[in-house]
Number of protein chains: 2
Amino acid sequence: MHNAYIYVNPIIAFSMLSAYIADMDRTTNLLGALALALTDKMGAELKDIFDRSGETAAAVIVIGYVPGISVQILRQVLDLSHPGTVRVADRLEEDGLVERRSGLDGRTVALHLTRKGTIMRKKLMMRRLDMLEAALEGITTNERGVLADLIAKVLTNLPETEMGKHRICRFCNVQTCSDCPIRGHAI
Amino acid sequence: MHNAYIYVNPIIAFSMLSAYIADMDRTTNLLGALALALTDKMGAELKDIFDRSGETAAAVIVIGYVPGISVQILRQVLDLSHPGTVRVADRLEEDGLVERRSGLDGRTVALHLTRKGTIMRKKLMMRRLDMLEAALEGITTNERGVLADLIAKVLTNLPETEMGKHRICRFCNVQTCSDCPIRGHAI
DNA sequence: AATATTATATGCATAACGCATACATATACG
DNA sequence: CGTATATGTATGCGTTATGCATATAATATT
């Protein structure tokens with residue numbers, strides 16, 4: 001038994017190839033535009049309620065998930081230098097959103113949200129979800145399902161390290177993100 | 001003729017509603033995670049070949065599309081203050097990627113890419129597309145088409161102003177982005 | 001007990017911005 | 001024509017966010 005070849009007119013073959021490449025590039029490019037536009041919007045929305053860098057806002061979310069997290073671990077999730085992360089903690093403390101408590105180990109610091117920090121965290125998450133929900137306006141329920149599955153597929157390609165998984169999810173609303181495609185990222 | 005009502009067990013109805021909301025939230029949240037992860041990756045990739053802020057890299061792309069663009073217009077696309085944009089131009093000139101020429105109007109400056117700038121622009125675009133292509137690994141051709149259409153739909157929701165359209169497309173590879181969902185954004 | 005490791009913090013430098021302002025050119029108007 | 005206003009660009013200065021080098025404190029190792 002041998003392979004079956006199908007004769008295709010070269011002109012048609014070329015146009016098929018072109019269409020294939022064009023389609024690829026279109027998806028590729030659109031994906032980039034989407035990411036950029038949404039991140040811009042997210043930044044603007046968050047800045048509106050918390051006038052600090054994006055990573056500082058992310059820290060609020062992460063500390064809320066992992067009360068008592070150390071600067072060292074937070075550093076890895078935020079992908080900052082250690083001094084950079086210490087300064088993030090300084091800013092959050094200064095803003096009254098976070099307090100440093102003593103960790104189990106005498107060296108470590110346990111970061112905890114204050115009451116104000118918890119409220120801010122809720123605001124940040126709501127604002128993020130509202131923005132994203134608005135972006136999805138006009139997408140039907142069925143389309144949402146399809147889109148979610150495709151995004152989930154793309155997301156599995158992205159993390160390069162174990163910590164990268166936590167990093168991707170650093171702004172997520174874990175309670176509503178059932179069936180997270182980035183598996184095993186509980187810190 | 002009156003409306004037809006279908007009896008649904010309240011428990012089932014509630015679970016349907018929950019599933020509906022959960023599905024919505026899942027899509028919403030995943031969309032946010034995707035945007036964040038891709039933007040992170042993009043930033044890292046671009047920094048690898050051009051160690052300047054994201055907006056500075058974007059300026060290279062935009063100036064390439066609109067040779068002779070003024071600081072004033074560039075400012076709006078990058079969403080920076082005027083002084084901020086002047087400094088972007090300073091940095092690019094310092095790096096030998098851009099040169100200031102005199103515009104038609106004696107007040108305006110015409111920004112042009114140098115040869116080095118044109119090469120850098122190609123590198124930046126290639127790097128971006130390669131990254132995005134890698135993110136799409138494992139997505140079939142059919143799925144790509146579906147994804148592209150859904151992204152296109154979402155993208156139409158995003159720009160709030162006329163200039164916002166240009167802004168969203170500031171990193172795009174226009175040559176391969178056939179059928180741009182952000183209509184009428186030629187500068 | 002001395003040394004190495006780990007966690008945190010600080011001094012200092014730099015990049016990337018914005019606001020206020022200065023400067024140059026163009027336009028409008030009396 | 002000349003003056004006032006608008007427009008485009010540039011600069012001084014301050015602030016935020018960040019990294020590198022280094023200091024300090026606590027723990028672990030030998």
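First the proteins, then the strands, lettered A, B, ... as listed; each starts at 1. If you're wondering where the values come from, they're calculated on a predicted model, not measured in any experiment.
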Report the distance from atom [atom1] of [X] to atom [atom2] of [N], rounded to the nearest whole Å.
X: A/Leu80; N: D/dT18; atom1: CG; atom2: P; answer: 5 Å
X: A/Leu92; N: D/dA17; atom1: CG; atom2: P; answer: 10 Å
X: A/Leu46; N: D/dA17; atom1: CG; atom2: P; answer: 13 Å

Students often get this wrong, so: under 4.0 angstrom with heavy atoms, is [X] touching a base, only sugar-phosphate, or nothing?
X: B/Ser70; value: sugar-phosphate
X: A/Val86; value: base
X: A/Arg100; value: sugar-phosphate
X: A/Val71; value: sugar-phosphate
X: A/Asp90; value: nothing
X: A/Arg87; value: base
X: B/Arg91; value: sugar-phosphate

Strictly below 4.0 Å, N to O, side chains only: are [X] and [Y] in salt-bridge contact?
X: A/Arg170; Y: A/Asp79; answer: no
X: A/Asp149; Y: B/Arg26; answer: yes
X: B/Arg144; Y: B/Glu137; answer: no
X: B/Glu93; Y: B/Arg100; answer: yes
X: B/Arg101; Y: B/Glu99; answer: yes

Starting at the 5' end of DNA chain D and moving along, which residue's nearest nucleotide shows up first, A/Leu104 or A/Asp79? A/Asp79

From the set D/dT27, D/dA21, D/dT11, return the single nucleotide nearest to any side-chain atom of A/Pro83. D/dA21

B/Arg107 side chain: which of D/dT11, D/dT16, D/dT7 is closest? D/dT7

Are B/Arg121 and B/Phe50 in a cation-pi setup, meaning NZ or CZ lies under 6.0 angstrom from the ring centre and within 45 degrees of the ring axis? no

What residue among B/Leu113, B/Thr118, B/Val88, B/Asp95 forms side-chain contact (heavy atoms from CB on, under 4.5 Å) with B/Val60? B/Leu113

What are the 5'-most and 3'-most nucleotides of DNA chain C lying under 4.0 Å from any heavy atom of chain B? C/dA16 to C/dA26

